[in-house]
Amino acid sequence: MTKKKHNPHQVKAKKFLGQHFLEDESIAEQIADALSLEGYKKVLEIGPGMGVLTKYLLKKPVTTYVIEIDTESVEYLKNNYLNLAPRILEKDFLKYDVSETFGDEPFAISGNFPYNISTQIVFKTLELRDQIPEFSGMFQKEVAQRICSKEGSKVYGILSVLTQAFYNAEYLFTVPPTVFNPPPKVDSGVLKLTRKKNYSLPCNEKLFFRVVKQAFQQRRKTLRNSLKTFELSDNLKANVIFGKRPEQLDVQAFIELTTLIENDTKNESI
């Protein structure tokens, strides 16, 4: 595919916002095309910058909204995407109550995400999982790989387990630094998250989050040691699963572990 250049002639990238403007329009088009557009009629793009991805989302048979904290980028979008203007949210996604715009309607998320808040964007997506059936976007390659990695991998961790509990995660392709202005110091990776058909867990979901986070905080220790704060019975700690380290457990095993802990502590506050 011939590389098309986006002309970034007006907005200056701001380091404190983690901005790296994508200049390769073919990559922007591929990110937009990664969305299936099934199960929702609205898309929210996070951090549109000068609209290189926005342009392709606007061609889709869905209603596109963008959320941008950079006032200079907001002005650029208002001047260059006139039809989009009423749907430009000049807000911080991490602090924004999406119900103000979407109510309880489903919507997808897309974006070339600022590296410095990309994991927080995923955690907020997980909080909003009832409303977000699909997600496509660009991360630092290492983060994208971590989200999609399986048990046994060195990068498998909290983000991997919590995301894959509710979504099917697919690493799509790697993007070199040369297609950004300014170029970042590392490769980027594009991924897609598709919510599972049955995404409610057969265990206490709040406890599941706590167990996963606590287990990986001391990832080199066995679960018997890393989960000491749960004050589990000696009988439960004798279970073979507690002799394993967290990266050895897949999502299903963490669900089973949570159920064991829940039943062990059912007469106490958990």
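The closest side-chain donor-acceptor pair between S188 and Y115 falls under 3.5 angstrom. Using modelled atom types and a 3.5 Å distance limit, the side chains of S99 and D97 yield a donor-acceptor pair. Between the side chains of T101 and Y96, at least one donor-acceptor pair of N or O atoms lies under 3.5 Å. For the 3.5 Å distance criterion, the side chains of D130 and Y199 qualify, holding a donor opposite an acceptor.
Taken from CG in N263 to OG1 in T258, the straight-line distance is 11.0 Å, to the nearest 0.5 Å. Note: K42 NZ to I109 CD1 = 14.5 Å, rounded to the nearest 0.5 Å. With values rounded to the nearest 0.5 angstrom, R87 atom CZ is found 6.5 Å from L58 atom CG. Separating the CD1 atom in I241 from the CZ atom in R224 is a distance of 11.0 Å, to the nearest 0.5 Å. The distance from the CD atom of E262 to the CG atom of L207 is 6.0 Å, given to the nearest 0.5 Å. I67 contributes atom CD1, which lies 12.0 Å from atom CD1 of I88 (distance to the nearest 0.5 angstrom).
Remark: of the listed residues D24, V175, I27, V175 is the sole one forming a side chain to side chain contact (heavy atoms under 4.5 Å, CB included) with F180.
G189 approaches A144 most closely through the heavy-atom pair O-CB, 3.8 Å. In plain terms, the two heavy atoms of I121 and I46 that are nearest each other are CG2-CD1, 3.8 Å. Of all heavy-atom pairs between L236 and I261, the closest is CD2-CA, 4.1 Å. Here the shortest heavy-atom pairing between Q131 and G103 reads NE2-O, 3.1 Å. The minimum heavy-atom distance between E247 and R219, with the atom names listed, is OE1-O, 3.2 Å. The two residues F93 and K124 have their closest heavy-atom pair at O-NZ, 2.5 Å.
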Derivation of the side chain to side chain contact (heavy atoms under 4.5 Å, CB included) call for D70 and Y76
CA-CA 10 Å; D70 177 26; Y76 181 92; over 6 Å; no
Go through the steps for Q145 and L191 under the test side chain to side chain contact (heavy atoms under 4.5 Å, CB included), then give the verdict.
CA-CA 9 Å; Q145 288 178 323; L191 61 73; over 6 Å; no
Verdict with reasoning, L53 to E45, per side chain to side chain contact (heavy atoms under 4.5 Å, CB included):
CA-CA 8 Å; L53 170 59; E45 182 189 355; 3.6 Å; yes
Where do E205 and R129 land on the salt bridge (charged side-chain N to carboxylate O under 4.0 Å, His left out) test, with the steps shown first?
CA-CA 12 Å; E205 291 186 355; R129 57 189 177 274; 2.7 Å; yes
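Put simply, the side chain of I31 reaches to within 4.5 Å of the side chain of M138, judged on heavy atoms. Counting heavy atoms from C-beta outward, V62 and L35 have side chains that stay 4.5 Å or more apart. Taking 4.5 Å as the limit, some side-chain heavy atom of I132 sits within range of a side-chain heavy atom of Y167. The shortest distance between side-chain heavy atoms of Q214 and F230 falls below 4.5 Å. K213 is listed as a side-chain neighbour of L162, based on a closest heavy-atom distance under 4.5 Å. Between N168 and K196 the shortest side-chain heavy-atom distance falls below 4.5 Å. A 4.5 Å side-chain heavy-atom check between L37 and P61 finds at least one atom pair inside the cut-off. Residues L77 and P48 meet the side-chain proximity criterion, which asks for heavy atoms closer than 4.5 Å.
At a threshold of 4.5 Å between side-chain heavy atoms, the hydrophobic network of Ile, Leu, Val, Met, Phe, Trp and Tyr places V155 and I147 in two separate groups. Taken together through direct or relayed side-chain contacts under 4.5 Å among Ile, Leu, Val, Met, Phe, Trp and Tyr, V251 and L201 form part of one hydrophobic cluster. I255 is connected to F242 through a chain of hydrophobic side-chain contacts under 4.5 Å among Ile, Leu, Val, Met, Phe, Trp and Tyr, so both are in one cluster. With hydrophobic clusters built from ILVMFWY side chains whose heavy atoms lie under 4.5 angstrom apart, Y171 does not share a cluster with L159.
Environment of NZ in K244: sparse, with no more than 12 heavy atoms of neighbouring residues, nucleotides or ligands closer than 6.0 Å. Residue-environment remark: CG (N235) stays at or below the threshold of 12 foreign heavy atoms within 6.0 Å.
One N or O on the side chain of Y156 and one on the backbone of L249 form a donor-acceptor pair closer than 3.5 Å. Distance alone, capped at 3.5 Å, places no donor-acceptor pair between the E134 side chain and the S110 backbone. For the pair D264 (side chain) and L260 (backbone), a donor-acceptor distance under 3.5 Å is absent. The backbone N or O of V74 sits nowhere less than 3.5 Å from a side-chain atom of E90 that would complete a donor-acceptor pair. Of the possible polar contacts, one joining the S160 side chain to the R146 backbone as a donor-acceptor pair under 3.5 Å is found. A donor-acceptor pair is defined here as one N or O able to donate and one able to accept, closer than 3.5 Å; no such pair exists between the side chain of E170 and the backbone of L172.
Checked against the 6.0 Å centroid threshold, F254 and F216 count as a close aromatic pair. F102 has its ring centre less than 6.0 Å from the ring centre of Y65.
At a threshold of 4.0 Å, the pair K55-E25 counts as salt-bridged, since one of the basic side-chain nitrogens sits closer than that to a carboxylate oxygen.
Between F135 and F113, the two ring planes are tilted [angle within 30° to 60°].
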